[in-house]
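Every value quoted in this text rests on a predicted model; they were computed, and no experiment measured them.
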Amino acid sequence: MRAAAAASFHLAPATKPAHRRGCTTESCSLKPAPTARPPRLRSLAGRAPLVCASLGISHDKGFDISDPNVVGQNDLLIVGPGVLGRIIAEKWKKEHPSCKVYGQTASKNHHNELTDLGIIPSLKGTTVHQKVPHVIFCAPPSGSDDYPRDVRLAASNWTGEGSFLFTSSTALYDCSDNSMCNEDCLSVPIGRSPRTDILLKVENVVLEAGGCVLRLAGLYKIDRGAHVFWLRKGTLDTRPDHIINQIHYEDAASLAVAIMKKGLRSRIFLGCDNKPLSRQEIMDAVNNSGKFDTKFGGFTGTDGPLGKRMENSKTRAEIGWEPKYPSFTEFLGISS
């Protein structure tokens with residue numbers, strides 16, 4: 001039995017809305033953001049803080065590295081250091097304690113938080129005077145006037161020596177009707193939708209630059225993910241047997257770090273837990289977990305797509321990676 005070290009929740013209004021990272025979730029990321037607030041922690045006692053050593057002084061107009069000796073061989077630039085990016089920073093620092101981690105953001109709103117976490121912040125769009133050996137792009141396309149340009153700029157800050165990784169979405173795999181899908185599945189064609197078009201174009205930018213792509217299934221943790229969206233809604237007019245593929249934020253971060261350490265070029269990898277579940281199975285697990293005060297009412301729809309079943313054994317074998325949380329139900333501590 002693997003029990004999740006997570007606190008219980010209730011549906012009291014939160015002080016701030018949760019940030020939704022639209023490019024790495026499947027079904028729930030395609031829906032408009034709800035107006036209601038997400039569930040809030042009753043206690044954070046079981047959650048370990050993210051603590052890193054201070055990496056230096058923040059430069060509001062970007063970090064200025066004029067001395068080539070300043071940049072180390074394991075220094076990392078994270079474009080979009082949100083929930084996933086911050087966990088990546090923590091894991092990267094554990095692997096490389098003496099490295100510096102830089103974070104580029106769309107605004108200065110969270111620069112103080114990043115500094116406290118040992119991440120040197122700067123604004124998106126700045127160009128470094130000295131390139132860095134490792135770059136990961138985690139920023140979503142929302143809020144970007146020119147997403148491919150942003151990715152090209154990130155690539156221009158890469159020395160080309162270590163790794164450049166872009167986090168994309170498993171929504172790009174052209175599978176449906178609950179069929180099995182792995183790394184060899186074809187991608188959706190250009191023209192299918194504006195959302196998939198922009199991700200496909202950006203992936204091409206990354207691959208042409210020699211970088212790698214990590215297509216992630218639906219990201220979740222105890223207070224984020226499809227289950228939180230559905231729990232907040234109470235009931236939904238959508239079919240209960242639609243299949244959802246997921247991966248915990250910590251596992252997505254550990255997979256990203258493992259890929260970057262390999263220093264591979266122009267490859268596409270798949271991140272999922274290999275335990276696809278239906279919407280109904282996910283919410284049954286939530287209702288039975290005892291970790292939430294509110295119970296989900298149910299799904300009432302009968303029409304719509306059935307989804308796909310993602311499997312990433314090839315990525316696991318090549319990278320030498322296994323998830324900490326083999327399934328959503330095991331994360332909740334109700335399945336062995």
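Tyr147 approaches Val202 most closely through the heavy-atom pair CD2-CG2, 3.3 Å.
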As a quick check of understanding, evaluate salt bridge (Lys or Arg N to Asp or Glu O under 4.0 Å) for Asp174 and Arg192, giving each step before the final call.
CA-CA 10 Å; Asp174 195 12; Arg192 173 74 57 85; 3.3 Å; yes
Please evaluate residues Glu161 and Lys131 with respect to the criterion salt bridge (Lys or Arg N to Asp or Glu O under 4.0 Å), reporting the C-alpha separation (whole Å), side-chain torsions for both, the decisive distance (0.1 Å), and the verdict.
CA-CA 10 Å; Glu161 297 174 355; Lys131 298 180 179 182; over 6 Å; no
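Side chain of Lys308 to backbone of Tyr173: a donor-acceptor contact under 3.5 angstrom is found.
For Trp158 and His134, the distance between ring centers is not under 6.0 angstrom. Ring centroids of Phe164 and Phe137 are separated by 6.0 Å or more, keeping the two rings apart. Taking the ring centroids of His227 and Phe328, they lie under the 6.0 Å cut-off.
Arg309 places none of its side-chain heavy atoms less than 4.5 Å from the side chain of Cys175. Residues Phe166 and Val79 are not in side-chain contact: their nearest non-hydrogen atoms beyond the backbone lie 4.5 Å or more apart.
For the pair Arg215 and Glu203, the salt-bridge criterion is met [side-chain N within less than 4.0 Å of a carboxylate O]. For Arg152 and Asp150, the salt-bridge test fails: no basic side-chain N is under 4.0 Å from an acidic carboxylate O. A salt bridge links Arg239 to Asp241: at least one charged side-chain nitrogen sits closer than 4.0 Å to a carboxylate oxygen. For the pair Arg267 and Glu318, the salt-bridge criterion is met [side-chain N within less than 4.0 Å of a carboxylate O]. Taking a cutoff of 4.0 Å between a charged side-chain nitrogen and a carboxylate oxygen, Lys324 and Asp251 do not qualify as a salt bridge.
Here Ile78 contributes atom CD1 and Leu84 contributes atom CG; the two are 8.5 Å apart, rounded to the nearest 0.5 Å. Note: Leu270 CG to Leu214 CG = 8.0 Å, rounded to the nearest 0.5 Å. Atoms CD1 and CG, from Ile190 and Asp197 in turn, are 4.5 Å apart once rounded to the nearest 0.5 Å. One finds the CG atom of Leu200 at 4.5 Å from the CG atom of Leu172 (value rounded to the nearest 0.5 Å).
Side-chain N/O atoms of Arg279 and Thr238 include a donor and acceptor closer than 3.5 Å. No hydrogens or angles considered: a donor-acceptor pair under 3.5 Å links the side chains of Thr105 and His111. Under the 3.5 Å distance criterion, with hydrogens and angles disregarded, no donor-acceptor pair is assigned to the side chains of Glu208 and Asn204. Inspection of the Glu311 and Ser313 side chains reveals an N or O donor paired with an N or O acceptor under 3.5 Å. No side-chain donor from either of Asp177 and Ser179 sits under 3.5 Å from a side-chain acceptor of the other.
Phe296 pairs in a side-chain contact (heavy atoms from CB on, under 4.5 Å) with only one of the listed residues (Val286, Ile282, Asn287), which is Asn287.
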